[in-house]
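See structure below.
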Amino acid sequence: MKQSDPNIDLLGRDFLSVANLAGDEIEAVLELGLAFKQGKLEPAAQRQIAVGQTLALVFDKASLRTRVSFEVAIRNLGGHAIYLAPGDIRMGEREPVKDVARTLSRMVQAVTARISSDAVMEELAQWASIPIVNAQTDREHPCQALADMLTVKEHKPALEGLKLGYIGDGFNVCQSLMLICALLGIDIAVASPPGYEPQPEILEKARALAHQSGVEVVNDPDIAARGADVLCADVWTSAGLEAEAAKRRQDFAGFQLDGKRLSIAKKDAIVLHCLPAHRGEEITDEVIEGPQSVVFDEAENRLWAQQALLALILGPPGERTAKRGK
Ligand code: CP
């Protein structure tokens, strides 16, 4: 598709980390996502954007939102998806990652991958000649961060200058939020129990990217919540870490997003949770079902944000391009 801003060119690009995009590129994805959501593009024109293109979904873990949103997004753009379930490929076991990358590159136009290991994700991207989109690794969940920012954009007049308070595990969702907030000029305060803070290199990177906003990591959830425009919680035990669940329930006690904590945020604060949620653990039923919760807008926005991302990295047939440097 013709990109509205001539300085924005995402054709053929990987999206492994939020930091693969500049702030104005993220803004362009969000603007296009909103345009799709608001029906500003004719469905027939949308279906020309990725006509005839195939997106492979390679997942090593279960998914509801990520899988469905990518499948619907590529279909809305005129292409189609092939879902490869956990166990179908057994990347690195049945055959080397580099062989999977080169085989898929001969058959499909992009890959969306949910792979725990960032090293495997990077190897896949290194050997593929098509764009690779990170659908969640242990380090990041960048597509979730795009949808979260699209949701904030819908509910707040401007992104710059807001405060986002994140309460919970400094894992993939948190780390992508730190990077995207830094790039968009949003103050972020992360509160995690000792030992569960985000990786120091992500904190350093976020601080290096943040020109107009702060990035703070603390162990007191009330510091994250106080005066926040956006409050965000995530599960205490991510998929794959179930053996740690009992210990984590003890370690995260006191880090729940409940009504009392929400009351110290701004009066018009919104509540995000990427879902699935464990009510009674990281968030109360009262908060997630309450009037400030926008978690189902957030879930829906996975579709629109990713549809925009795919439109910009795939482009129409005449503009298809091999991945940079391949
Ligand atoms: N939020 C999220 O990534 O949901 P799924 O695990 O269901 O894809």
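When a ligand or atom number is given, it counts from 1 through the structure's own listing order.
The 4.0 Å heavy-atom shell around ligand 1 contains residues S63, L64, R65, T66, R114, H141, Q144, C274, L275, R302, ordered by chain and number.
Through direct or indirect side-chain contacts shorter than 4.5 Å among Ile, Leu, Val, Met, Phe, Trp and Tyr, V218 is connected to I223.
The cationic group of R67 does not satisfy the cation-pi geometry with F59, failing either the under 6.0 Å distance to the six-membered ring centre or the 45° limit from the ring axis.
The shortest non-hydrogen separation linking E71 to L57 is CG-CD1, 3.4 Å.
Residues that satisfy the salt bridge (Lys or Arg N to Asp or Glu O under 4.0 Å) test with K260, not counting sequence neighbours, are absent from this structure.
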- request: Take T284 and D258 through the side-chain hydrogen bond (donor to acceptor under 3.5 Å, both in side chains) test and state the conclusion after the steps.
  value: CA-CA 5 Å; T284 59; D258 58 13; over 6 Å; no

Give the table of side-chain donor-acceptor pairs shorter than 3.5 Å for residues 288-298, with sequence neighbours excluded, one pair per line with atom names and distance.
unit_1, atom_1, unit_2, atom_2, d
E289, OE2, R279, NH2, 2.6
Q292, NE2, K267, O, 3.4
Q292, NE2, A269, O, 3.0
S293, OG, I288, O, 2.8
D297, OD2, H155, NE2, 2.8
E298, OE1, H273, N, 2.8
E298, OE2, Q144, NE2, 3.4

